[in-house]
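Inspection log for the structure reproduced underneath, given as structure tokens.
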Amino acid sequence: MSSDVTIILPDGSEKVIGPGGTGADLATQLGSRAANDALIAVANGTQLDLNQPLPDGASVSLVFPASEEGLEVLRHSTAHVLAQAVLALYPGATFSIGPPIEDGFYYDFDLPDGQTFNDDDLERISAKMKEIVGRKQPFIRNEIQREEADQLFADHPYKLEILDGEADDPTSSPQGGVITTYRNTDEFVDLCRGPHVPDTGYLGHFKLMRVAGAYWRGDETRQMLQRIYGTAWSSKKELKAHLERLEEAAKRDHRKLATELDLLSFPTELGGGLAVWHPKGATVRKIMEDYSRQRHEEGGYEFVYTPHLANERLFQTSGHLDFYADGMYPPMEMDNGTYYLKPMNCPMHCLIFAHGQRSYKELPLRLFELGTVYRYERSGTLHGLMRIRGFTQDDSHLYVAPDQLADEIASLLDFVLSVLRAFGFDEFTFNLSTKNPEKYVGSDDIWDEATDALREALDRHGLEYVVKDADAAFYGPKIDIDVKDAIGRSWQLSTIQCDFNLPERFDLHYVAADGERHRPIMLHRALFGSIERFFGVLIEHYGGAFPTWLSPMQVQVLGVRADHDTFASQVVERLKAQGFRAEMVEADNPLGSRIRRGKLEKLPYILVVGDTDVENDTAGVNPRGGEVERDVPISEFIERVKSEVEAKETTPRVG
RNA sequence: GCCGGUGUAGCUCAGUGGUAGAGCAGCUGUUUUGUAAACAGCAGGUCGUGGGUUCAAUUCCUAUCACCGGCUCCA
């Protein structure tokens, strides 16, 4: 019955391998490199261990460590080694799930008597893992019956829950009723779908990163497990490069840079998640806000202001107290009622719309406010400027007639992207979130219409987007816009949301051409999202080196000697008269030292003036990231930087 | 909120059961400097906060606040 097996390689060629031929056999035939490096085989789209037989006639490819798929296998296998090490070192420990993730893997454990891991444990565990890797233990796949599985995992209740189907784990839940395990030694076996690398010797370029608590099945009412995160790569070089990327990201950390550059701080006296803006940070913020106002003015928005507090009746009407009371600050009892800090601006904007009779001729009505809101974020979720309790939204609410919806969304998209581009972002991702059938208000028709309008706007702009099914808020579908930063990280910033709920709740209407009252549709739109968060993203995007138009200090002027200080301050006055942010630095320290300070401040320009400059009305121009240029006429420098600022260029002009 | 960690000068950090130290920054002098660190001196901290143990606590315990890494949540 055993006959040769023929398989088809990715290039279309056929290959005959012996009876019961495996991926390993194929790899051997393909050459020594393949034989040494291949991790798994993929036959007709199904991943197989290298020692599993290949089906006759299958299209087969081998997976190598350098590929995404290969890395996933490496990481998954490394997670097993982690589990083996932990179970060996901590008697009584049990394990739950351990999948590969971006850049690495994790495994969740439960230690007896509520014990926890610390950094020293990570060292120990890591050493044990290296030992296991050195032993080149094979990963042996077995298909077993439930009885046997129950026996094998009798001491591991989380595995039993997975076997029972109560917990779903994509890497180990039985598939099609087949229970598979991977055994490395007599002592260590894990419930797992695989596939895995042939033996642990294929692993080793890993690092255990941190330990963290994680709820079993991601459910905060359940047991908190001890999760160990690690990173794993196909080579030492890759591992090193990854660790360097982490260092690069750490250098850009907005919390660190905000302190170093004296932009803002989070005084403990204020309480968690509340920031104060120092003059330099406030300068950048003001420029951001001024630009935003200018654009909104040009874009046909009307500016409004609303208070920070409101009577509870407002939030009953808006539904916030029903849906989001947990996220609001506790009520304040006052002599004439109960008041709340506002978590959103929209209810107040609805009051403005509701004031007086609205005509269809006023639509679309675009209300805009830099509105400060307060949300009670749980203490453990706070994170610098990215997650904060008091923040200001660049919030706008657009009230449109139903037949205006598509056009309004399309022009809104233009508007948003144009403003984001001005801040130096040019790579976007769009997410379209659709109705959650479990949780929504409004008729199906209007949901379809609004979703189509959002989709059409994206299509009209030729933008690709990801549909996130059932991810919409209860009140309407939305488009979220993510930007990519300078080192490739994604940040969710802008959002355009349709809302059929609030116009109902506030009984908003306008009189149309037919003389009848109609219900407007409302669009929520945040562009920066929160000013605080957007600023944080800007800091990280630019690594603190703001473009000249945003930089809190644009030019420092340094005299070579003290007797040049007078000329230096004259230059500063001329720069200021032209609207630049400039300052003179007295020659009380060596020039090199003063330059260094300016560089550490990441200033766009440092001007040095000496004898010849005083004589010729010139300066030596030292731009951030460029070469020094001597004898530049002051007037020329002014014109140069002026056009740079107007164009909102992202790096200082050089030469 | 939950798990783990951290909190010492403006910043970055060392250190100890016997009431604390460095570098940078600051101030004062001296130096007069052509593109990333001149020299000297001075000043600066109730060691996050409250309670406890102790003859004695910054150090040990405890509570609390804040921050860091995750989990959960995010209108």
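Numbered from 1 within each chain, the chains take letters A, B, ... in sequence-line order.
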Partner residues of Asp394(A) under the side chain to side chain donor-acceptor pair (under 3.5 Å) criterion, sequence neighbours left out | none
Checking all strands, does Gly626(A) fall into the base, sugar-phosphate, or nothing category for heavy-atom contacts under 4.0 angstrom?
-> nothing
Which ones in residues 315-327 of chain A lie close to RNA chain B, meaning a heavy atom under 4.0 Å from one of its atoms?
-> His320(A), Tyr324(A), Gly327(A)
Residue pairs passing the salt bridge (Lys or Arg N to Asp or Glu O under 4.0 Å) test with at least one member in residues 604-618 of chain A, sequence neighbours excluded, are Arg561(A)-Asp611(A), Arg574(A)-Asp617(A)
Which residue lies toward the 5' end of RNA chain B, Phe117(A) or Gly272(A), if each is placed at its nearest nucleotide?
-> Phe117(A)
For RNA chain B, stems built from three or more consecutive Watson-Crick or G-U wobble pairs below 3.5 Å | B:1-7 with B:65-71, B:10-13 with B:21-24, B:26-30 with B:38-42, B:48-52 with B:60-64
Regarding the side chain of Ile595(A), the nearest nucleotide among U35(B), G69(B), A75(B) is U35(B)
Side-chain donor-acceptor contacts of residues 580-590 of chain A below 3.5 Å, not counting sequence neighbours, with atom names and distances?
unit_1, atom_1, unit_2, atom_2, d
Arg581(A), NE, Ser551(A), O, 2.8
Arg581(A), NE, Pro552(A), O, 3.3
Arg581(A), NH2, Trp549(A), O, 3.1
Arg581(A), NH2, Ser551(A), O, 2.8
Glu583(A), OE2, Gln556(A), NE2, 2.8

Sort and list the pairs that fulfil salt bridge (Lys or Arg N to Asp or Glu O under 4.0 Å) and have at least one residue in residues 429-439 of chain A, not counting sequence neighbours.
-> Lys435(A)-Asp444(A)
Is there any salt bridge (Lys or Arg N to Asp or Glu O under 4.0 Å) pair reaching into residues 105-116 of chain A, and which pairs are they, with sequence neighbours excluded?
-> Asp108(A)-Arg227(A)
Under 4.0 Å protein heavy-atom contact, by nucleotide of nucleotides 37-50 of chain B - B base, S sugar-phosphate only | BB------------
Return the polar atom pairs (N/O with N/O) between nucleotides 58-62 of chain B and the protein under 3.5 Å, or none.
none

Among all residues two or more places apart in sequence or in another chain, which pass the side chain to side chain donor-acceptor pair (under 3.5 Å) test with Thr283(A)?
-> none
Please list, chain by chain and in numerical order, all residues satisfying side chain to side chain donor-acceptor pair (under 3.5 Å) with Tyr339(A), sequence neighbours excluded.
-> Asn336(A)
For residues 274-284 of chain A, which residues have at least one heavy atom under 4.0 Å from RNA chain B?
-> none
